Amino acid sequence: RKRTVSGVAPTVLPASDDALDIKIADDVRENLALHDGFPDLIEDMLDALGKGFSQIELVWGKGKTSWWIDQFVWRDPRFFQFDRDTGLKVRLIDEQNMTDGVPLDPYKWISHRAKLKSGIPARGGLARLVAFGWICKAYTQKDWVAFVETYGLPLRLGRYGPSATPEDVETLFTAVANIGTDAAAVLPESMRIDFQEISGGTGNDIFENLGRWVDEQTSKAVLGQTMTSDNGSSQAQANVHNEVRHDVAAADAKSINGTLNRDLVGPAVALNFGEGVEPPIIHIVVAEPEDVEMKVNGIVALAGGIAARF
């Protein structure tokens with residue numbers, strides 16, 4: 001989901017056709033949109049999809065006449081918290097105030113929030129939605145491996161007589177437990193080990209079914225559908241699901257555009273060209289895939305019709 005957006009080349013639209021606005025747009029394109037770290041910046045911003053918000057620090061370089069970005073540095077969300085009054089303003093946890101944090105410095109941070117649902121950003125990440133399923137799958141895989149280790153093996157039953165002492169019972173249990181790996185055991189004559197064959201199914205697919213179900217729910221949460229990540233039942237349904245994925249990616253790109261223009265382009269233009277200058281717009285558009293086959297068939301049919309008329 002991140003790379004659907006980060007792989008798109010951004011465009012920069014000047015504020016107007018004025019020569020100064022075009023110059024500013026060229027500067028933004030060269031120093032920001034074509035920055036080596038720009039694709040990683042987009043992926044770091046979209047980390048907000050999982051956690052609800054993402055904070056990227058802008059490391060500026062300064063010359064005699066200009067400012068530029070040296071680095072975009074993703075910062076761990078554990079270093080931040082939301083204000084207690086509204087739950088909406090991000091504050092930096094600092095030694096000056098370890099309890100409530102301090103306000104973020106202007107022109108220093110890109111603060112992106114994933115608008116996945118209404119409410120405070122701290123509760124809006126996908127991680128809260130898929131965490132329970134992830135835990136279930138983690139335990140399922142553990143149980144699945146344990147099941148595979150014993151699946152198909154005969155059940156080992158140790159039998160002891162009424163005169164057996166606790167020490168005899170412990171000896172028998174040790175022999176039963178180890179016979180699977182040692183393939184040998186020494187027992188008193190009064191004891192015996194029976195191998196009970198397993199017949200019929202034991203629900204051996206229950207772990208796989210649960211793991212697959214969890215994967216499908218996670219795909220729905222993250223991508224909005226399942227058939228572009230799992231096996232689809234038909235080409236038509238897969239195409240419909242791919243349209244859903246495109247809608248999700250387009251919405252992510254739209255939210256990224258707003259944050260970039262507010263927290264990156266605006267400060268860069270203000271520092272280099274003045275506070276009152278109208279900044280250009282960075283625009284990332286996730287284009288809908290073109291149906292080349294349908295277009296070619298249409299052109300061929302149209303050409304055939306025109307040829308028939310003449």
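Treat the numbers as computed from the prediction; the structure is a model and nothing was measured.
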Under a single-linkage definition using a 4.5 Å side-chain heavy-atom cutoff for Ile, Leu, Val, Met, Phe, Trp and Tyr, are F53 and L49 assigned to the same hydrophobic cluster?
no
How many angstroms lie between atom CD1 of I22 and atom CG of L13, to the nearest 0.5 angstrom?
12.0 Å
Donor-acceptor check, side chain of R262 to backbone of S111, threshold 3.5 angstrom: yes or no?
yes
What distance do H35 atom NE2 and E30 atom CD have between them, rounded to the nearest 0.5 Å?
11.5 Å
Verdict with reasoning, F82 to I120, per side chain to side chain contact (heavy atoms under 4.5 Å, CB included)
CA-CA 9 Å; F82 289 90; I120 61 176; over 6 Å; no
d(I42 CD1, T4 OG1) to nearest 0.5 Å is 13.0 Å
Could you state the interatomic distance from CD1 (I69) to CD1 (I110), rounded to the nearest 0.5 Å?
7.0 Å
Give a yes or no on whether the backbone of V102 and the side-chain of N97 come within a donor-acceptor separation of less than 3.5 Å.
no
Could you check whether any side-chain heavy atom of P280 comes within less than 4.5 Å of a side-chain heavy atom of V269, counting everything from C-beta outward?
yes
Between R91 and D100, is there a side-chain N and carboxylate O pair less than 4.0 Å apart?
no
Got L271 and W60 here, is their nearest side-chain heavy-atom distance under 4.5 Å?
yes
Taking atom types as modelled, is there a side-chain donor on W213 or D215 under 3.5 Å from an acceptor on the other?
no
Run the salt-bridge test on K2 and D47 with the 4.0 Å N-O cut-off and return the result as yes or no.
yes
Can you measure from CD (E216) to OG1 (T218) and round to the nearest 0.5 angstrom?
10.0 Å
Flag yes if W68 and I24 sit in one hydrophobic cluster, no otherwise; membership is Ile, Leu, Val, Met, Phe, Trp, Tyr, and two members link when side-chain heavy atoms are under 4.5 Å apart.
no
Quick one: does any side-chain atom of Q81 pair with a main-chain N or O of T99 as donor and acceptor, under 3.5 Å?
yes
Main-chain N/O of K89 paired with D83 side-chain donor or acceptor, under 3.5 Å
yes
Is there a path of hydrophobic side-chain contacts, each under 4.5 Å between heavy atoms of I/L/V/M/F/W/Y residues, joining I281 to V265?
no
So which heavy atom on F38 is nearest to which on P10, and how close?
CE2-CG, 3.6 Å
Given 3.5 Å as the limit, does a donor-acceptor pair link the side chain of S54 with the main chain of D44, or not?
yes
Are the side chains of L260 and I284 in contact, using a 4.5 Å heavy-atom criterion?
yes
Could you please spell out the steps behind the side chain to side chain contact (heavy atoms under 4.5 Å, CB included) verdict for L88 and R113?
CA-CA 10 Å; L88 299 175; R113 302 179 185 180; 4.1 Å; yes
In short, side-chain hydrogen bond (donor to acceptor under 3.5 Å, both in side chains) pairs touching residues 7-27 with sequence neighbours left out are S16-D21, D26-R29, D27-N31
Just do the side chain to side chain contact (heavy atoms under 4.5 Å, CB included) check on R75 and L92 with the steps written out, would you?
CA-CA 11 Å; R75 295 303 185 186; L92 175 65; over 6 Å; no
What are the two closest non-hydrogen atoms of S6 and P39, and how far apart are they?
CB-O, 3.7 Å
Minimum heavy-atom separation for V12 and P14, please, with both atom names.
O-CD, 3.8 Å
Checking side chain to side chain contact (heavy atoms under 4.5 Å, CB included) for the pair F72/L58: CA distance, chi angles, key distance, verdict?
CA-CA 5 Å; F72 304 104; L58 299 176; 3.6 Å; yes
Single-linkage hydrophobic cluster, 4.5 Å side-chain cutoff, W67 and F273 together
yes
Could you state the interatomic distance from CG (D94) to CZ (F80), rounded to the nearest 0.5 Å?
10.5 Å
Honestly curious: do I56 and L46 fall in one hydrophobic cluster under the side-chain, below-4.5 Å linking rule?
yes
